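Notes to accompany the following structure.
Quantities reported herein were computed from a predicted structural model and do not represent experimental measurements. Values reported hereafter were calculated over all heavy atoms of this structure, with side chains retained and with hydrogens, waters and symmetry mates removed.
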Amino acid sequence: HPNRLYVSYSLTGKNIRSDWEGYIGRGSVDMAKNALPPPSSSDGKTTMIFVCGTDGFRDMWAGPIARAPPLPDGSKGPKIQGDLLGVLKEAGYEASDVFKY
């Protein structure tokens with residue numbers, strides 16, 4: 001989807017090739033502002049940032065996900081987005097701009 005979907009990669013670790021031109025590190029406010037589209041605006045232009053990864057990675061970027069109580073059949077309750085926290089909140093995004101999974 002040209003001009004609608006953007007993917008940015010960032011590598012971590014000790015053995016990153018010297019010719020790597022992408023981002024390096026787990027993330028920061030500066031990385032978010034440079035690599036991601038701006039937050040949704042009042043002119044109707046909307047942004048959706050999808051955050052997935054290990055619990056620690058997701059929590060750092062957007063905050064934790066909670067679970068509703070178990071269902072009557074004993075299965076896990078649905079995931080709840082919870083408050084927006086972390087790098088994305090500090091970079092000016094609102095909860096409606098972010099989906100955590």
Is there a donor-acceptor contact under 3.5 Å from the side chain of R67 to the main chain of P78?
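The answer is no, because no donor-acceptor pair under 3.5 Å joins these two groups.
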
K100 side chain vs Q81 backbone, donor-acceptor pair below 3.5 Å:
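Answer holds: yes.
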
ILVMFWY cluster membership beyond I65 - transitive side-chain contacts under 4.5 angstrom:
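Noted: I65 shares its cluster with no other residue.
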
Remaining members of the apolar cluster that contains F50, side-chain heavy atoms under 4.5 Å
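M48, F99, Y101, all in the cluster of F50.
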
What residues form a side chain to side chain donor-acceptor pair (under 3.5 Å) with S41, not counting sequence neighbours?
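Side chain to side chain donor-acceptor pair (under 3.5 Å) list for S41, sorted by chain: D43.
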
Considering residues at least two apart in sequence or located in another chain, which fulfil the side chain to side chain donor-acceptor pair (under 3.5 Å) criterion with T47?
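For T47 there are no side chain to side chain donor-acceptor pair (under 3.5 Å) partners, ignoring immediate neighbours.
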
Minimal non-hydrogen separation, [X] against [Y], with atom names:
X   : Y   : value
G25 : T12 : C-CG2, 3.6 Å
P64 : D59 : CA-OD1, 3.1 Å
A62 : V98 : CB-CG1, 4.0 Å

Straight-line distance of [X] [atom1] to [Y] [atom2], nearest 0.5 Å:
X   : Y   : atom1 : atom2 : result
M31 : S10 : CE    : OG    : 3.5 Å
R26 : L11 : CZ    : CG    : 13.0 Å
I24 : I16 : CD1   : CD1   : 4.5 Å

Is a side-chain donor-acceptor pair under 3.5 Å present for S28 with D30?
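No, because no side-chain N or O of D30 sits under 3.5 Å from a partner of the opposite role on S28.
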
If you define the side chain from C-beta out and look only at heavy atoms, does anything of W61 sit under 4.5 Å from I49?
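Counting from C-beta outward, W61 and I49 never come under 4.5 Å.
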
Restricting to side-chain contact (heavy atoms from CB on, under 4.5 Å), what partner residues turn up for N15, sequence neighbours left out?
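N15 satisfies side-chain contact (heavy atoms from CB on, under 4.5 Å) with no other residue.
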
Using distance only, find each side-chain donor-acceptor pair of residues 82-96 under 3.5 Å and give its atom names and separation, not counting sequence neighbours.
from: Y93; atom 1: OH; to: P37; atom 2: O; distance (Å): 2.4

State whether the number of non-hydrogen atoms from other residues, nucleotides or ligands found under 6.0 Å of R17 atom CZ is greater than 12.
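Count not over threshold, so no.
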
